[in-house]
*Asks:* 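Here you go, one structure.
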Amino acid sequence: MTLPLPDSDPAGPALEVVPLGGLREFGMNMMLVSWGDTSIVVDAGVTFPDPELPGVDLIIPDLAHLEESGRRIAALVLTHGHEDHIGAVPYVWPLVDGPVLGTPLTLALVEPKLDEHGIDPGDRLVAVAPRQRVAIGPFTVEFIRVTHSMPDCVAVAIETPAGVILHTGDFKVDQTPPDGERFDLHRFAELGAAGVLALFSDSTNIDRRGVSGSEYEVVGAFEEIFTGARGKVVVAMFGSSIFRMQIVADLAEQFRRKVAFVGRGVVESSEVAQRLGLLKIRPGQLLRDSDVRTYPAEDVVCITTGSQGEPQAALSRIAIDDHRHVKLGPEDVVVFSARAIPGNEKAIGRVMNHIAARGSQLIYEGVKHVHVSGHGSDEELKLMLSLVRPRVFVPIHGEYRHLARHAQVAAQVCPDARVLLAQNGDLLRFRDGTGEIAGRVPTGRVLIDGTRTGEIAGEVLRDRRHVAADGLLVPVLAINRQTGAIEGVPDVIPRGFVVDERSESVLAEASVLLTDIVESASVEERTDLGLIRERVRTELQRVVRRRSGRRPLVVPVVMEV
Ligand SMILES: [Zn+2]
Ligand SMILES: [Zn+2]
């Protein structure tokens, strides 16, 4: 195995890699790769706050280092279309002086995000195909097909003057991918045989034994569900679960049911996937959500958002009988076809309780095999290590315990490899065929608030700015846990909220306003702390903005008595 030797002068150029997100955490994956005065960024992801963190839509990596590095960022390279890999593209976009490279599906999912931020991509979105090689300054980037929980995913091999580095993106080894696009194991083996300087590999499922299994493994469970269901089948999943959509739609066809997509996330991504031919549903089989009620329940499958208990998502509204088009009854079956992301269990549990209260049958991962992970388990991760045999191994995508375990596994599979257990902001320097952690750069998280104005500020700064500009409102109310009735007189405590003619009336009527807001909700919604808090926050914010033109930070305190 020979590697091109880079400049051996210690003061000479070296390959530098800085993970800016996705290490010692799940989500907001982003990595900066630099040689001389040129950089490329691999992935630009977001992470989602707990469903109940008020006013925060997204969390993205702090981009200060990209802004201040003084290097030209010549390209943004995307592995696949999951939010934790593309969600921050609109924020990184202005910093990139060159193309954004990705597969057609990935780019199609990026486009509406740019549109939402008023960004015209021009000719900068450049579609790539597996095995395609693209020269960018001192780098040559090659895309390699991998399998995952959605179509059109790739790993990225970057040929640099110091050697080849390989970033797996997210992957599992699905030997029967629903779209027939095989994992390119041959190319990984070829690169390994030719010599790979460093491997950066997905660690998400390193603590699961064996193999994760094909997407097709859920078919059996869904067949049982379709066979037994006397009413509607409602399947909650992530908008990106396009393979899962295909499997459910195919079974629906087989069982002569129509398919309705309910909720923005699944509507949008299913449309994109259909346009690209990656999701195939016969037009006559599709039903608009508004037509669901006009069809016999036993002839319908709804694919919805809300698998994580998000208060605003379709399933949360359906669960409390507050959805315009979809109602649940005792004949219906609701399937959670997604993993419960840690932190969301409480919110998911509450949605499940509401569904159970409607008398509907509930099915989730623990009951039937209705979900299969998109990330490889330990044997698949070992296979990657065996094929690539890198000189340096850097586990990515995972919390500390996952990275540490992956590091241990790598030491067994590749005893000669140097393992770097890095964290976000570590500067990894590669020269002379090896690598080390050589320093730190500033990193952090930036919270994006719900206004969709594209404004960014750090967590503290964001709140302070709201408070500084428009003050703080703390609605305080007590709700009877059983009846949902308001106990006592609700109040709004203002801090730094400018009281003028327009805003005075809002405060004067606070208790009436709060009572109205609560009473406009169903008893079920009122007795759900998460839902009612969110409703009070958004409704009060709306009323205050409309009547006073101000946007104070609203932090509801809701007590159950
Ligand atoms: Zn992914
Ligand atoms: Zn991911």
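Numbering of ligands and ligand atoms starts at 1, following listing order.
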*Asks:* Provide the protein N, O or S atoms situated under 2.8 Å from the Zn ion (ligand 2); waters are not included.
*Replies:* D84 OD2, H85 NE2, D170 OD2

*Asks:* Would you please indicate yes or no on a ring centroid separation below 6.0 angstrom for H82 and F238?
*Replies:* no

*Asks:* Just to verify, what does A14 make a side chain to side chain contact (heavy atoms under 4.5 Å, CB included) with, not counting sequence neighbours?
*Replies:* R429, R431

*Asks:* Is the gap between the ring centers of F393 and H406 under 6.0 Å?
*Replies:* yes

*Asks:* With no hydrogens and no angle check, just 3.5 Å: does a side-chain donor-acceptor pair link E142 and Q132?
*Replies:* no

*Asks:* Would H371 and F336 satisfy ring-ring contact (aromatic ring centres under 6.0 Å, His included), going step by step from the backbone distance to the final call?
*Replies:* CA-CA 8 Å; H371 173 66; F336 283 73; over 10 Å; no

*Asks:* For the rings on H85 and H397, is their centre-to-centre separation under 6.0 Å?
*Replies:* yes

